[in-house]
There are 2 protein chains.
Amino acid sequence: MEEILREKNIKVTDTRKEILRILSESKSAISYNTIQEKTALKLDKVTVYRTLDTFENKGIIHSIPSEDGIKLYSFCKDDCHDHDHDDNHVHFNCEMCNTTVCLYHVDIPSVELPKGYYMHSSKLIVNGICPECR
Amino acid sequence: MEEILREKNIKVTDTRKEILRILSESKSAISYNTIQEKTALKLDKVTVYRTLDTFENKGIIHSIPSEDGIKLYSFCKDDCHDHDHDDNHVHFNCEMCNTTVCLYHVDIPSVELPKGYYMHSSKLIVNGICPECR
DNA sequence: CTGCTAAACGCAACTTGGTTTCATTAAAAA
DNA sequence: TTTTTAATGAAACCAAGTTGCGTTTAGCAG
């Protein structure tokens with residue numbers, strides 16, 4: 001865990017280790033609130049948000065907007081670099097348990113855009129029912 | 001414009017006609033704020049949000065979450081029904097002018113989900129540069 | 001080990017998108 | 001024209017996320 005922080009040249013602090021731990025143990029993408037629920041430490045709101053920003057900028061995690069507009073965070077695959085995420089995978093949101101998971105092995109298919117449109121990145125969120133809820 | 005409201009069996013009011021007019025004249029998906037900017041009438045915030053909810057439930061418009069979590073609204077194609085939208089098109093967000101448009105003629109390709117996952121709907125948002133900003 | 005400094009933290013106050021409650025008004029059916 | 005039910009408006013509220021600023025601390029140089 002600490003190595004990740006060292007690799008990215010950011011200071012190793014308790015807060016960062018804790019947030020990293022929670023994110024790494026979570027199977028689904030989680031919100032700020034979930035992080036607060038899962039920690040025993042008292043983490044300041046601002047610090048948590050700033051930490052998540054830092055992690056995202058450093059390519060440690062990526063964010064997905066949930067259906068209701070709140071940000072969810074999830075670990076990146078290995079092939080992400082600073083400011084240049086390669087999170088070309090599909091996200092699945094279960095309508096029953098309301099969790100969002102990364103389908104790392106399902107790539108977003110390429111689409112043919114009309115003339116004049118240039119793509120940088122894309123996000124595909126599939127809504128439905130997950131295996132656990134069936 | 002009024003016919004749309006009559007067809008959906010909801011009351012025809014000035015507010016609804018106005019919001020419908022603004023939405024119909026807009027080429028891109030717009031937020032609550034844009035509606036306020038574009039109207040000469042004084043529209044109450046609550047009424048606007050409720051009207052947008054109603055329109056969405058009736059299948060007159062659909063919503064797309066913007067990159068920064070705020071809701072954008074856009075007209076539906078003809079083939080939407082109450083609570084059962086058929087908005088299977090790609091949305092394009094321009095990173096320069098920060099507008100989101102419906103690419104009605106670009107369908108979301110189907111993806112092969114892992115075993116046990118069942119799809120209801122999906123959203124594909126492409127980020128990049130639009131023809132106007134090139 | 002000690003001091004230094006930039007980076008990280010913590011608190012309070014704020015902003016913003018959106019909702020709840022409840023009393024008032026008006027569309028359209030009877 | 002009356003009545004009823006849906007729609008509106010105002011105020012207060014809520015929650016996610018941010019800003020400003022003073023304090024602390026990681027980790028480096030000496």
Side-chain angles (χ1 to χ4, degrees), chain A residues 1-22 29-58 60-74 82 98 100, chain B residues 1-22 29-58 60-74 82 98 100:
Chain A
M1 220 78 291
E2 295 198 21
E3 308 86 67
I4 298 179
L5 298 172
R6 292 230 177 69
E7 267 170 37
K8 301 291 182 178
N9 283 312
I10 55 175
K11 289 185 181 171
V12 177
T13 67
D14 288 349
T15 302
R16 285 180 175 165
K17 283 189 285 183
E18 174 73 353
I19 295 178
L20 217 45
R21 186 189 63 76
I22 292 168
I30 57 176
S31 66
Y32 158 77
N33 276 315
T34 309
I35 292 173
Q36 285 292 12
E37 284 163 17
K38 291 205 176 169
T39 189
L41 279 57
K42 75 170 218 348
L43 303 177
D44 187 77
K45 191 199 336 201
V46 178
T47 307
V48 173
Y49 278 117
R50 276 194 289 226
T51 302
L52 292 169
D53 277 359
T54 305
F55 287 178
E56 190 173 12
N57 286 333
K58 292 290 179 178
I60 301 171
I61 62 175
H62 63 281
S63 66
I64 323 109
S66 82
E67 196 72 358
D68 38 1
I70 77 171
K71 262 181 149 184
L72 302 176
Y73 299 88
S74 180
D82 290 23
N98 199 33
T100 298
Chain B
M1 219 80 287
E2 296 199 21
E3 308 86 68
I4 298 180
L5 299 172
R6 292 230 177 70
E7 267 170 36
K8 299 291 181 180
N9 282 313
I10 55 176
K11 289 184 182 173
V12 177
T13 67
D14 288 350
T15 303
R16 286 179 175 165
K17 282 189 285 182
E18 175 72 352
I19 294 177
L20 218 45
R21 185 189 63 76
I22 292 167
I30 57 175
S31 66
Y32 158 77
N33 276 314
T34 310
I35 291 173
Q36 284 293 11
E37 283 163 17
K38 292 206 174 169
T39 189
L41 277 59
K42 74 171 220 349
L43 303 177
D44 187 78
K45 188 191 355 189
V46 179
T47 307
V48 173
Y49 278 117
R50 277 194 291 228
T51 302
L52 291 169
D53 276 359
T54 305
F55 286 178
E56 190 173 12
N57 286 333
K58 292 290 179 176
I60 301 170
I61 62 176
H62 63 282
S63 66
I64 322 110
S66 82
E67 196 73 356
D68 38 0
I70 76 171
K71 263 182 149 183
L72 302 176
Y73 299 88
S74 180
D82 289 23
N98 198 33
T100 298

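Only this structure's heavy atoms are used, side chains among them; waters, hydrogens and symmetry mates stay out.
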Counting only side-chain N and O atoms of [X], is one of them less than 4.0 Å from OP1 or OP2 of [N]?
X: B:Thr13; N: D:dT8; value: yes
X: A:Asn33; N: D:dA16; value: yes
X: A:Tyr32; N: D:dA16; value: no

(message) For D:dT5, does the base pair up with any side-chain atom of B:Lys11 as donor and acceptor (N or O, under 3.5 Å, distance only)?
(response)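 It does, because a donor-acceptor pair links the side chain of B:Lys11 to the base of D:dT5 below 3.5 Å.
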(message) Any N or O donor-acceptor pair under 3.5 Å from the base of C:dG17 to the side chain of B:Lys45?
(response)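 Counting by modelled atom types and ignoring angles, no donor-acceptor contact under 3.5 Å is found here.
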Please state how far atom [atom1] in [X] lies from atom [atom2] in [N], giving the value in whole angstrom units.
X: A:Leu72; N: D:dA16; atom1: CG; atom2: P; answer: 12 Å
X: A:Leu5; N: D:dG27; atom1: CG; atom2: C1'; answer: 14 Å
X: A:Asp44; N: C:dA13; atom1: CG; atom2: P; answer: 14 Å
X: B:Asp53; N: D:dT8; atom1: CG; atom2: C1'; answer: 15 Å
X: A:Arg6; N: D:dC28; atom1: CZ; atom2: P; answer: 9 Å
X: A:Gln36; N: D:dA16; atom1: CD; atom2: P; answer: 11 Å
X: A:Asn9; N: D:dG27; atom1: CG; atom2: C1'; answer: 12 Å
X: A:Lys17; N: C:dA8; atom1: NZ; atom2: P; answer: 15 Å

(message) Under a 3.5 Å distance rule, please check whether A:Lys38 uses its side chain to pair with a backbone N or O of A:Ile22 as donor and acceptor.
(response)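 No, A:Lys38 side chain to A:Ile22 backbone: no donor-acceptor pair under 3.5 Å.
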(request) Measure from the side chain of A:Val46, starting at C-beta and using heavy atoms only, and say which of D:dT18, D:dT8, D:dA7 lies closest. (result)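 In terms of side-chain proximity for A:Val46, the closest of D:dT18, D:dT8, D:dA7 is D:dT18.
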(message) If the test is side chain to side chain contact (heavy atoms under 4.5 Å, CB included), which one of A:Asp53, A:Thr39, A:Asn33, A:Ile19 qualifies with A:Val48?
(response)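 Only one of A:Asp53, A:Thr39, A:Asn33, A:Ile19 forms a side chain to side chain contact (heavy atoms under 4.5 Å, CB included) with A:Val48, namely A:Ile19.
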(message) By the definition side chain to side chain contact (heavy atoms under 4.5 Å, CB included), identify the one residue from A:Val46, A:Thr15, A:Leu43, A:Ile35 that meets it with A:Thr51.
(response)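 One option only clears the test, and that one is A:Thr15.
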(request) May I ask you to say whether A:Glu18 pairs ionically with A:Arg21, meaning some side-chain N is under 4.0 Å from a carboxylate O? (result)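 Yes, this pair counts.
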(message) Mind checking if B:Thr15 touches a base, just sugar-phosphate, or nothing, with heavy atoms under 4.0 Å?
(response)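 Sugar-phosphate: the residue B:Thr15, judged by heavy atoms under 4.0 Å, touches backbone atoms but no base.
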(request) Pick base, sugar-phosphate or nothing for A:Arg50, based on heavy-atom distances below 4.0 Å to the nucleic acid. (result)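 Answer is base: heavy atoms of A:Arg50 come under 4.0 Å of a base.
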(request) Identify the two heavy atoms, one from A:Arg16 and one from A:Phe55, that lie closest to each other, and give their separation to 0.1 Å. (result)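 So the two residues come closest at O-CZ, 3.8 Å.
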(message) Go nucleotide by nucleotide along DNA chain D from the 5' end; which of B:Arg16 and B:Lys42 gets its closest nucleotide reached first?
(response)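 The 5'-side residue here is B:Arg16.
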(message) Please compare B:Ile70 and B:Asp14 by the position of their nearest nucleotide in DNA chain C and report the one closer to 5'.
(response)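 Comparing both residues, the 5'-ward one is B:Ile70.
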